[in-house]
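Bear in mind that the values here come from a model prediction, so they are computed numbers and not experimental data. Each residue takes its place number in the sequence, starting with 1.
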Amino acid sequence: MSAITFSSSYRNYIISIIGLACATKVYRLLYNKSKSKQANDVETTDPEIEEVLLFSDEAIDCRKHMFEVKGCDSPHCPADNLAKIVDYMSSAKKSIDICVHFITCNSIGNAIFDAIKRGVIVRVITDEESSKNYSSLSIKFMRANCEVKANKFKENFMHHKFAVIDKKILISGSANWTMQAFYGNYENVIITNDKVMVKSFLTEFNYLWETLPQFYIS
């Protein structure tokens with residue numbers, strides 16, 4: 001009789017353990033679901049950035065004030081659009097990865113030099129032929145202790161024009177970073193923090209960074 005009582009007690013004990021385990025699992029599922037819902041309800045990412053900047057050849061009339069901070073009343077004045085690019089460069093906290101065929105625009109260049117002075121890691125990929133131009137900023141970047149790599153192949157160009165700021169903001173478009181592009185051509189620039197697009201451009205940058213040789217002053 002005592003053996004039967006022991007068996008029943010043991011069986012009840014096992015049932016209690018199983019019940020407790022099931023209850024714990026259900027509690028965890030409900031808790032994780034609740035946490036997931038809370039995470040979706042709370043803004044955990046940066047505000048969305050989707051900007052399109054358009055430049056027109058009619059902006060050539062604005063060249064007389066191209067070195068001023070503010071533009072004019074002309075709907076084609078590129079000063080405000082260029083200022084946005086400069087502001088994004090100035091916002092960099094950790095890194096700027098630049099992959100641009102030709103860079104001569106001093107306002108963008110000054111923002112990059114300031115970033116270097118703040119300790120921002122700047123990497124530049126360009127094209128060797130364009131970098132040999134006397135107005136190119138590539139040599140100045142190197143003298144500011146910025147690492148520069150360049151495409152040396154004469155049969156093709158490194159023709160990209162994009163930059164990634166802090167690995168989360170992409171600036172890309174048709175324009176070389178030159179005053180001719182901003183103040184005389186039909187050009188487009190997009191600015192976005194879309195994660196898929198940023199990741200794609202970062203992958204391309206890192207591939208070129210590993211592939212292309214160091215640029216040296218001859």
Side-chain angles (χ1 to χ4, degrees), residues 43-60 62 65-72 74-127 130 136-138 141 146 148 158-209:
E43 183 64 54
T44 58
T45 60
D46 294 328
E48 182 180 87
I49 299 173
E50 295 290 348
E51 294 198 58
V52 177
L53 311 180
L54 298 176
F55 298 86
S56 167
D57 71 337
E58 296 180 49
I60 197 168
C62 298
H65 61 259
M66 66 166 58
F67 299 110
E68 298 175 5
V69 176
K70 294 183 179 180
C72 63
S74 169
H76 306 289
C77 183
D80 291 340
N81 282 346
L82 182 53
K84 288 182 180 180
I85 298 174
V86 171
D87 287 344
Y88 278 108
M89 292 292 166
S90 299
S91 73
K93 293 179 175 60
K94 295 181 179 179
S95 66
I96 305 177
D97 292 326
I98 299 166
C99 189
V100 176
H101 175 73
F102 193 28
I103 307 173
T104 62
C105 179
N106 285 322
S107 57
I108 295 178
N110 289 338
I112 294 169
F113 291 130
D114 288 342
I116 294 172
K117 291 177 183 177
R118 296 196 309 272
V120 174
I121 298 174
V122 177
R123 299 186 295 174
V124 177
I125 295 174
T126 187
D127 192 81
S130 67
S136 172
L137 293 177
S138 296
F141 290 142
C146 170
V148 179
M158 197 304 295
H159 215 239
H160 283 309
K161 295 104 177 177
F162 72 86
V164 179
I165 300 169
D166 290 332
K167 303 190 184 304
K168 63 181 181 180
I169 298 176
L170 168 69
I171 298 176
S172 180
S174 64
N176 277 306
W177 291 0
T178 68
M179 299 309 279
Q180 171 61 36
F182 298 130
Y183 278 85
N185 296 347
Y186 288 104
E187 304 280 6
N188 68 82
V189 174
I190 63 166
I191 303 173
T192 180
N193 61 353
D194 179 87
K195 291 182 179 180
V196 174
M197 294 184 68
V198 170
K199 182 178 180 180
S200 295
F201 278 86
L202 268 178
T203 299
E204 173 69 1
F205 183 93
N206 288 327
Y207 167 74
L208 292 174
W209 190 256

| In Å, rounded to the nearest 0.5 Å, how long is the span from CD1 of Ile98 to CZ of Arg123? | 11.0 Å
| said: Nearest 0.5 Å, please: how far is OH in Tyr183 from SG in Cys62? | reply: 7.0 Å
| task | Give me the ring orientation class for Phe55 and Phe182: parallel if the planes are under 30° apart, tilted from 30 to 60°, perpendicular past 60°. | result | tilted
| Which atoms form the tightest heavy-atom contact between Ala175 and Val189, and what is the distance? | CB-CG2, 4.3 Å
| Taking atom types as modelled and ignoring hydrogens, do the side chains of Asn193 and Glu48 form a donor-acceptor contact shorter than 3.5 angstrom? | no
| request: For Lys161, enumerate each residue passing the side-chain contact (heavy atoms from CB on, under 4.5 Å) test, keeping only those at least two apart in sequence or located in another chain. | output: Val100, His101, His159, Asn176
| said: Between Asn106 and Gly109 (side chain of the first, backbone of the second, donor and acceptor by atom type, cut-off under 3.5 Å), is there such a pair? | reply: no
| Counterpart residues, side-chain contact (heavy atoms from CB on, under 4.5 Å), relative to Ala115 (two or more places apart) | Ile96, Arg118, Val120
| said: Could you go through Asp194 and Glu50, starting from their C-alpha distance and side-chain angles, then the distance that decides it, and tell me whether this counts as side-chain contact (heavy atoms from CB on, under 4.5 Å)? | reply: CA-CA 8 Å; Asp194 179 87; Glu50 295 290 348; 4.0 Å; yes
| task | Say whether, by atom type as modelled, one donor and one acceptor occur between the side chain of Asp166 and the main chain of Lys93 under 3.5 angstrom. | result | yes
| field | Taking every non-hydrogen atom, the tightest pair across Leu54 and Asn81 | value | O-ND2, 3.1 Å
| remark: Note: Met89 and Ala111 closest approach over all heavy atoms is CB-CB, 3.8 Å
| note | ring-ring contact (aromatic ring centres under 6.0 Å, His included) filter on Phe102, not counting sequence neighbours, yields none
| note | CD1 (Ile85) and CG (Leu53) are apart, to the nearest 0.5 Å, by 5.5 Å
| query | Any side-chain heavy atom of Met158 within less than 4.5 Å of one from Cys99? | reply | yes
| said: Check the orientation of Phe113 and Phe141. Use parallel for under 30°, tilted for 30 to 60°, and perpendicular for over 60°. | reply: tilted
| field | Nearest heavy-atom neighbours spanning Leu137 and Cys105 | value | CD1-O, 3.5 Å
| Is there a donor-acceptor pair under 3.5 Å between the side chain of Thr178 and the backbone N or O of Thr104? | no
| Between Asn185 and Glu187, what is the shortest heavy-atom contact and its length? | ND2-OE2, 3.1 Å
| field | Donor on one side chain, acceptor on other, Tyr186 and Glu58, under 3.5 Å | value | no
| Would a distance-only check, ignoring hydrogens and angles, find a side-chain to backbone donor-acceptor pair under 3.5 Å from Asp97 to Lys167? | no
| Taking all atoms of both residues into account, what is the closest heavy-atom pair of Val122 and Cys146, and its distance? | O-SG, 3.2 Å
| request: Please confirm whether the backbone N or O of Ile121 pairs with a side-chain atom of Ser95, one donor and one acceptor, at under 3.5 Å? | output: no
| remark: d(Ile171 CD1, Ile169 CD1) to nearest 0.5 Å is 7.5 Å
| request: Quick one: sort the His160 and Phe162 rings into parallel, tilted or perpendicular, breaks at 30° and 60°. | output: perpendicular
| message | Counting C-beta onward and ignoring hydrogens, is there a side-chain heavy-atom pair between Ile112 and Ile108 closer than 4.5 Å? | response | yes
| What distance do Leu82 atom CG and Ser107 atom OG have between them, rounded to the nearest 0.5 Å? | 4.0 Å
| field | Point-to-point distance, once rounded to the nearest 0.5 Å, from CD1 of Ile49 to CG of Leu170 | value | 10.5 Å
